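These numbers were taken from a predicted model, which means no experiment stands behind them. Indexing begins at 1, ligand by ligand and atom by atom, following the structure's order.
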Amino acid sequence: MRIDVVSIFPAYLEALSLSLVGKAVEAGVISLAVHDLRDATHDRHRTVDDTPYGGGPGMVMSPEPWGESLDALRASGGEAAPVLVIPTPSGVRFDQAMADDWSAAGWLVFACGRYEGIDARVADHYRERSDWAGVLEVSIGDYVLAGGEAAALVMIEAVARLLPGVLGNEVSAREDSFAAGEMSRRVEGPIYTKPPTWRGLDVPDVLMSGHHGRIAQWRREQSEERTRRMRPDLG
Ligand code: 6GU
């Protein structure tokens, strides 16, 4: 999979060289590049924003640098059509099913906005372009971040761990889509490892019993109880 990220803070994405995503890049499963939006400006101050038409607070990211940067990316890619992901708090909610879909895409481009967001014509334009595979405006939750970079990190990690050949991903694509369905219904219960007693707290006896049927039933009950308590919106 190819992933490009465009941002005015390319250093924000340096975390992608660590951990699971970093290993997937090293292994060649992901081809990742981060691009500075300001490289697509032509004035002395490398300006990427302007005041909003109609008034209002803050600044809006100008369409021209986005158009130039995204067109250059597209031109570097041959036949393949990329999906343009625009992280924004006004987008559709990102979830495991979406991560699952994206893990089958060949090429994702993340356009990380700052300030009050990107001029709306950028999304409109790339939605009409037949050499792009679509535009998705996506939020990671109901809170407001200062920019799309942290959200892009979240979404890229969720996709990367599903790619075949990524270390620790032994499960099949079929099991992943099952997991996406399960996740929308319930959360997992508590898990334990050694030692059997820690600061006076014991691991539940049933997990030491070796009785696989009872263990499975106990885990189901714990999952249901925790889902009711922590996620009353599910189930
Ligand atoms: Cl994707 N971007 C920003 N700026 N804030 C957010 C978000 C995205 N998702 C939740 N809050």
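- Between Ile140 and ligand 1, a contact under 3.5 Å exists for at least one N or O pair.
- Ligand-side atoms of ligand 1 in range of Pro87: 1 (Cl), range being under 4.0 angstrom from any heavy atom.
- Closest to atom 10 (C) of ligand 1, if we only count protein heavy atoms, is Gly141 O, 3.0 Å.
- In this comparison of Leu145, Ile86, Thr88, the heavy atom closest to atom 1 (Cl) of ligand 1 sits on Thr88.
- Heavy atoms from other residues, nucleotides or ligands lying under 6.0 Å from CZ of Arg46 number more than 12.
- Distances from ligand 1 to the non-hydrogen atoms of Asp142 include no value under 4.0 Å.
- Against a heavy-atom cut-off of under 4.0 Å, Val138 is close to the following atoms of ligand 1: 1 (Cl).
- Taking the six-membered ring where tryptophan is involved, the planes of Trp132 and Tyr126 are perpendicular, since the angle between them exceeds 60° and thus also 30°.
- For atom 6 (C) of ligand 1, the closest non-hydrogen atom on the protein side is Tyr143 O, 3.6 Å.
- Near Ala151, meaning under 4.0 Å from one of its heavy atoms, ligand 1 places the atoms 1 (Cl), 8 (C).
- Summary of contacts: the protein heavy atom closest to atom 3 (C) of ligand 1 is Pro89 CD, 3.3 Å.
- Between the side chains of Arg228 and Ser223, no donor-acceptor pair is found at a separation under 3.5 Å.
- A donor-acceptor contact closer than 3.5 angstrom is absent between the side chains of His42 and Glu64.
- In this model, a donor atom of one side chain and an acceptor atom of the other lie less than 3.5 Å apart for Trp107 and Asp4.
- Between Thr197 and Asp202, the side chains place a donor N or O and an acceptor N or O closer than 3.5 Å (distance only, hydrogens not considered).
- Of all non-hydrogen atoms in Ile118 and Val60, the two that sit nearest each other are C-CG1, 4.2 Å.
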